[in-house]
Amino acid sequence: MSIITTQPPARSQPGRILPRRFYARGATDVAQDLLGKYLIHQDTGGIIVETEAYLGLKDAASHAYCGPTDRNRVMFGPPGHAYVYFIYGMYECVNVVCEKKGEAGAVLIRAVEPRIGIELMRTRRPGAKRLRDIASGPGKLTIAMGITRALNGADLLTSDLTVREAIASEPFEITAGPRIGITKCADWPLRFTITGNEFVSRL
DNA sequence: CAATAGATCATCT
DNA sequence: GATGATCTATTGC
């Protein structure tokens, strides 16, 4: 585990949808820069507090490691689109596609701090006792925000799933550590959290 | 609090 | 036919 000190974004319009070029970079950079941004779907949204980078063909833990298939095709497409996959027979997880077309980097959104449409999210996650249980995990946040495989391939700049600049953000530090729930490349420090944030999937 | 079992199915071998 | 970028409930200290 390591701590990375960040600067507040030099120039950002609060609430503005992130531009395509934000995503057209390496997944490791995008994963860190997504922290503190807003993930918005329809009437729900929150602050991204935990992400993981997946490095495509270079990364045995990535769904794209063995090349394009019907499932992972959007990861090889243009940046700034959603890759939503179904896992464990039960859950869906959202990624944002990075890198230029042809390269398959992606960032898994692992946890969100609920901010918009909290009541609606509560009804979708009736088992969640505390606010911090609503979206503190990749499978939980898709349920809370109504994100399904129907959004696989959706454009994050023009669909009703978007990522936006922070409204009013305090400076924060980033903690890096090993990714969760994988067996290959398990020691690569590609999981990033807002240091000390209580809405992450685990401390 | 930590460890473990069970749910459940699309995808790939 | 096995596995998996998970979650919840339950069991055991």
Side-chain angles (χ1 to χ4, degrees), chain A residues 1 23 26-32 34-35 39 41 46 48-77 79 81-99 103-114 121-154 156 161 163 174-194 198-203:
Chain A
M1 292 271 253
Y23 302 99
T28 305
D29 289 335
V30 175
Q32 293 168 65
L34 278 171
L35 296 175
L39 180 68
H41 180 235
I48 297 169
V49 298
E50 175 178 352
T51 58
E52 282 178 0
Y54 286 86
L55 308 184
L57 293 166
K58 300 188 288 286
D59 179 3
S62 170
H63 290 169
Y65 182 59
C66 297
T69 65
D70 284 340
R71 173 170 77 151
N72 67 25
R73 186 131 349 227
V74 323
M75 294 178 90
F76 289 87
H81 291 251
Y83 166 54
V84 186
Y85 66 89
F86 186 61
I87 190 68
Y88 297 123
M90 213 170 297
Y91 298 104
E92 283 149 310
C93 299
V94 224
N95 293 245
V96 307
V97 174
C98 305
E99 307 273 9
E103 293 179 34
V107 175
L108 172 67
I109 310 297
R110 282 195 57 90
V112 160
E113 175 177 334
M121 291 197 275
R122 275 192 196 286
T123 66
R124 289 172 171 158
R125 300 253 321 124
K129 300 262 181 276
R130 303 166 299 178
L131 186 59
R132 64 203 271 196
D133 299 322
I134 288 180
S136 53
K140 298 180 195 176
L141 74 92
T142 53
I143 294 170
M145 297 183 63
I147 297 169
T148 70
R149 281 164 288 176
L151 286 166
N152 188 41
L156 298 173
L161 179 65
V163 184
I174 296 173
T175 297
R179 295 174 290 183
I180 305 285
I182 56 168
T183 55
K184 299 159 198 157
C185 307
D187 55 338
W188 294 12
L190 296 179
R191 173 178 182 247
F192 303 101
T193 60
I194 292 182
E198 65 170 330
F199 294 87
V200 302
S201 64
R202 3 173 152 160
L203 298 172

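Numbered from 1 within each chain, the chains take letters A, B, ... in sequence-line order. This one's a predicted model, so the numbers in the text were calculated from it and none came from an experiment.
When the C1' atom of dG4(C) is taken as reference, atom CG of N72(A) falls 15 Å away, rounded to whole Å. One interatomic measurement links the two molecules: CE of M90(A) to P of dA5(C), which rounds to 15 Å at whole-angstrom precision. In this structure, CD of E92(A) is placed 13 Å from P of dC7(C), rounded to the nearest angstrom. With rounding to whole Å, Y83(A) atom OH is found 15 Å from dA10(B) atom P. Taking atom OH on Y65(A) and atom P on dG4(C), their separation rounds to 14 Å, with Å as the unit. If you measure from atom NZ of K184(A) to atom P of dG4(C), you get 6 Å, rounded to the nearest angstrom. Atoms CH2 (W188(A)) and P (dA5(C)) sit 14 Å apart, rounded to a whole Å. At whole-Å resolution of the value, CD1 in I134(A) and P in dT8(C) are 12 Å apart.
When each of A128(A) and G89(A) is assigned the nucleotide of DNA chain C bearing its nearest heavy atom, the one mapping closer to the 5' terminus is G89(A). Comparing Y91(A) and R149(A) by the nucleotide of DNA chain B that holds the closest heavy atom to each, the one mapping nearer the 5' end is Y91(A).
No side-chain donor-acceptor contact under 3.5 Å links E103(A) to the backbone of G56(A). Distance alone, capped at 3.5 Å, places no donor-acceptor pair between the R149(A) side chain and the E92(A) backbone. Judged by distance alone, with hydrogens and angles left aside, the side-chain atoms of N72(A) form a donor-acceptor pair with the main-chain N or O of G67(A) at under 3.5 Å. Side-chain atoms of E50(A) come within 3.5 Å of backbone N or O of S201(A) as a donor-acceptor pair.
For dC12(B), one of the phosphate oxygens OP1 or OP2 lies less than 4.0 angstrom from a side-chain nitrogen or oxygen of T69(A). A sub-4.0 Å separation between OP1 or OP2 of dT8(C) and a side-chain N or O of K140(A) is present.
Considering only the side chain of Y88(A), dA5(C) comes nearest among dC7(C), dA10(B), dA5(C). For T183(A), whose side chain is taken as the heavy atoms from C-beta onward, the closest listed nucleotide among dC12(B), dT6(C), dG4(C) is dG4(C). Of the candidate nucleotides dT11(B), dA5(C), dC7(C), dT11(B) has the atom nearest to the side chain of R71(A).
When both pairing distances are held under 3.5 Å, dA2(B) makes a Watson-Crick or G-U pair with dT11(C). A 3.5 Å limit on both hydrogen-bonding distances identifies dA7(B) as the Watson-Crick or G-U partner of dT6(C).
Tested against V74(A) for a side chain to side chain contact (heavy atoms under 4.5 Å, CB included), the candidates V84(A), N152(A), N95(A) yield a single pass: N152(A).
Residue-level contact check: D70(A) touches neither bases nor backbone, having no heavy atom under 4.0 Å from any strand. Nucleic acid contact class of F86(A) (heavy atoms, under 4.0 Å, all strands): sugar-phosphate only. Counting non-hydrogen atoms under 4.0 angstrom, R125(A) reaches the backbone sugars and phosphates but no base. Backbone-only contact: I182(A) has heavy atoms under 4.0 Å from sugar-phosphate atoms and none from a base. Looking at heavy-atom distances under 4.0 Å, G139(A) makes contact with sugar-phosphate atoms alone, never a base.
Judged by ring centres under 5.5 Å apart and planes tilted less than 30 degrees, Y85(A) fails to stack against the six-membered base ring of dA5(C).
Shown here is F86(A), whose CZ atom has more than 12 heavy atoms of other residues, nucleotides or ligands within 6.0 Å.
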